[in-house]
Amino acid sequence: MNFNCCVLDVSTVTFGDNVMLGPNVQIYTATHPLQFKARNNGLEYAKPICIGDNVWIGGHSVICPGVSIGNNVVIGAGSVVTKSFSNDVVIAGNPAKIIKTIDNT
């Protein structure tokens, strides 16, 4: 884990083996309702995050609540990961999407 990373662990955050985080990576389990009345009443909840083995998360990336990242995934710098991804892919962007598959045979 590099400098200035934040793991907002209101819920469980699971890291597999050999996970690397670039600088300023943000991992957020906390979230709020979409309905403003519930949000204004202070309602907050959390969704767990699971990060697999051999994952490299580029600097300034954000992992949103409830996301699962498979094994052998590379996340490009500055990505905003709003949904889960399976094994052996490179993802990047805002929102993050698959830009390449990785042949790990």
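We number each residue from 1, following the sequence as shown.
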Criterion side chain to side chain contact (heavy atoms under 4.5 Å, CB included) on Tyr45 and Thr31, from CA distance to verdict: CA-CA 6 Å; Tyr45 55 98; Thr31 189; 3.2 Å; yes
4.5 Å side-chain heavy-atom contact, Cys64 and Val80: yes
Min side-chain heavy-atom separation Asp17-Val19 under 4.5 Å: no
Hphob cluster co-occupancy, Val81 + Met1, side-chain heavy atoms under 4.5 angstrom: yes
Approximate separation, where rounding is to 0.5 Å, of Asn2 CG and Ile57 CD1: 12.0 Å
N/O donor-acceptor pair under 3.5 Å between Asn87 side chain and Asn71 backbone: yes
Exercise: do Asn54 and Asn72 side chains pair donor with acceptor under 3.5 Å: yes
Co-membership, hydrophobic cluster, residues Phe15 and Met20, 4.5 Å side-chain: no
Minimum side-chain heavy-atom gap Phe85-Ile98 below 4.5 Å: yes
Donor-acceptor pair, side chain of Arg39 and main chain of His32, under 3.5 angstrom: no
Side-chain donor or acceptor of Ser61 paired with backbone N/O of Gly76 under 3.5 Å: yes
Same apolar cluster (I L V M F W Y, side chains within < 4.5 Å links), Val74/Val55: no
4.5 Å side-chain heavy-atom contact, Ile102 and Val90: yes
Polar contact flag, side-chain donor to acceptor under 3.5 angstrom, Asp53-Asn18: no
Pairwise side-chain contact, Val62 with Tyr28, heavy-atom cut-off 4.5 Å (strictly under): yes
Same apolar cluster (I L V M F W Y, side chains within < 4.5 Å links), Trp56/Ile91: no
Inter-residue atom distance Asn94.CG - Ser79.OG, 0.5 Å rounding: 8.0 Å
Asn4 and Pro23, any side-chain heavy atoms less than 4.5 Å apart: no
Main-chain N/O of Ile69 paired to Ser84 side chain as donor or acceptor, under 3.5 Å: no
Beyond-backbone contact of Val25 with Ile75, side-chain heavy atoms, under 4.5 angstrom: no
Nearest heavy atoms of Ser86 and Val73, plus distance in Å: O-CG2, 3.3 Å
Backbone N/O of Ser11 and side chain of Thr29: donor-acceptor pair under 3.5 Å: yes
Check: Glu44 side chain, Gly42 main-chain N or O, donor-acceptor pair, under 3.5 Å: no
Path from Leu8 to Val13 over hydrophobic side-chain contacts below 4.5 Å: no
From NE2 (His60) to SG (Cys5), nearest 0.5 Å: 9.5 Å
Heavy-atom pair of closest approach, residues Ile49 and Gly66: CG1-N, 4.0 Å
Check: Leu21 and Ile27 side chains under 4.5 Å, non-hydrogen atoms: yes
Closest non-hydrogen atom pair between Ile99 and Ala92, with its separation: CD1-CB, 3.9 Å
